[in-house]
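Comments concern the structure below.
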Amino acid sequence: MTDKILRMDRHELLNLIKNPPDNLFEEARKVRDAHYGKKIFVRGLIEFTNYCKNDCFYCGIRRSNKNAQRYRLTKEEILSCCETGYRLGFHTFVLQGGEDPYYNDDLMCEIIYEIKSRYPDCAVTISFGEKSRDTYKRYKEAGADRYLLRHETANPAHYGMLHPKELSLKNRKKCLYDLKELGFQVGAGFMVGSPYQTDEHIVDDLLFLTELNPHMVGIGPFIPHKDTPFRDFPEGTLQKTLTLLAIIRIMLPKVLLPSTTALGTIHPKGREMGFQAGANVVMPNLSPVGVRKAYSLYDGKICTGEEAAECAACLKRRIESSGHVMDFSRGDSLVE
Ligand code: 5AD
Ligand code: FES
């Protein structure tokens with residue numbers, strides 16, 4: 001079945017999404033196990049600012065949301081999150097933020113450089129939106145290893161329905177190709193069940209992913225946020241998210257695939273089910289508990305009250321109870 005999926009054209013992929021075979025998850029697990037075994041890699045997520053100059057219609061920290069309680073972490077606060085993570089055994093730190101110009105290139109590079117100096121055995125991942133090639137180059141030179149930038153949807157018309165007119169799919173793609181070319185391990189991805197998304201759009205996403213061949217793919221269900229224009233749209237479904245995780249695992253066998261917090265939010269066992277569908281990464285939150293609720297991309301987000309150590313312990317239980325092992329190494333992607 002896996003060979004067949006690798007050779008599918010647009011029409012066949014559409015049919016696969018609409019009518020997934022019964023053994024899809026089993027096949028996806030086989031592919032993952034062949035490359036990564038039962039390891040689930042842990043990444044410490046630090047949500048360092050929820051200021052954002054963008055106004056994406058789906059996102060709770062969009063600039064028009066006057067109800068968001070805005071915060072910024074200082075360099076020292078970020079470093080102290082890393083210290084907590086390092087003590088817990090983590091070897092990857094993910095710095096994620098809204099597009100906040102306060103963190104100019106000098107400040108970002110200082111932060112990256114300092115983390116890499118203190119923890120040379122750790123990988124630093126940045127998830128900080130669209131920047132110029134030059135800025136990405138500076139992040140790389142400061143020591144950043146990886147960059148997460150979901151493409152959100154590979155269909156230009158659909159992209160326009162999710163974003164204000166200043167943002168374009170064309171620039172998003174340019175950023176992803178720049179990042180790859182600069183030698184970052186790159187993560188793309190999209191929301192499942194975002195407003196106006198059709199199965200045809202999802203086929204565009206799958207074909208774009210095979211073309212980009214990223215090191216990582218982040219997908220999770222869309223979940224409405226009460227203070228956004230998309231407040232009344234339904235959330236993405238568990239079944240569709242799991243089906244797509246499995247299809248992506250089969251199409252990009254060596255990709256790193258997180259079982260996302262959003263998946264854990266729509267179902268209490270969502271992340272465990274993600275592992276059963278071929279996912280192999282989790283990103284527990286290292287942000288200070290005091291700011292967690294404020295980093296609200298969607299309603300009902302889990303893990304906003306727990307200390308980092310509690311999340312780590314909780315995830316360990318979930319990983320082991322689902323027949324996997326928590327892996328604390330850097331967990332670099334096997335994608336060349
Ligand atoms: N529901 C689910 N995911 C969301 N994201 C942003 N808003 C939402 C939402 N309402 C995702 C986007 C973004 C990532 C950081 O979070 O895909 O790239
Ligand atoms: Fe900032 Fe969505 S509004 S990423």
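Sequence positions, counted from 1, serve as the residue numbers for this chain. Remember, it's 1-based here, ligands and their atoms both numbered in the order they're listed.
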Contact check, Pro221 vs ligand 1, heavy-atom distance below 4.0 Å: yes
Closest non-hydrogen atom pair, Thr265 against Gly300: CG2-O, 3.2 Å
Heavy atom of His225, distance to ligand 1 below 4.0 Å: no
No-hydrogen, no-angle side-chain donor-acceptor test under 3.5 Å, Asn155 and Thr153: no
Closest to atom 7 (N) of ligand 1 among Phe190, Phe230, Tyr298, Tyr58 (heavy-atom distance): Tyr58
Numbering as shown, the atoms of ligand 1 that approach Arg150 to under 4.0 Å (heavy-atom distance): 11 (C), 12 (C), 17 (O), 18 (O)
For Glu152, atoms of ligand 1 separated by under 4.0 Å from a heavy atom: 12 (C), 13 (C), 17 (O), 18 (O)
Presence of salt bridge, Lys254 and Glu336, under 4.0 angstrom: yes
Face-on cation placement of Lys140 at Phe184 ring, 6.0 Å and 45° thresholds: yes
No-hydrogen, no-angle side-chain donor-acceptor test under 3.5 Å, Tyr119 and His91: no
N or O pair under 3.5 Å between Ile223 and ligand 1: yes
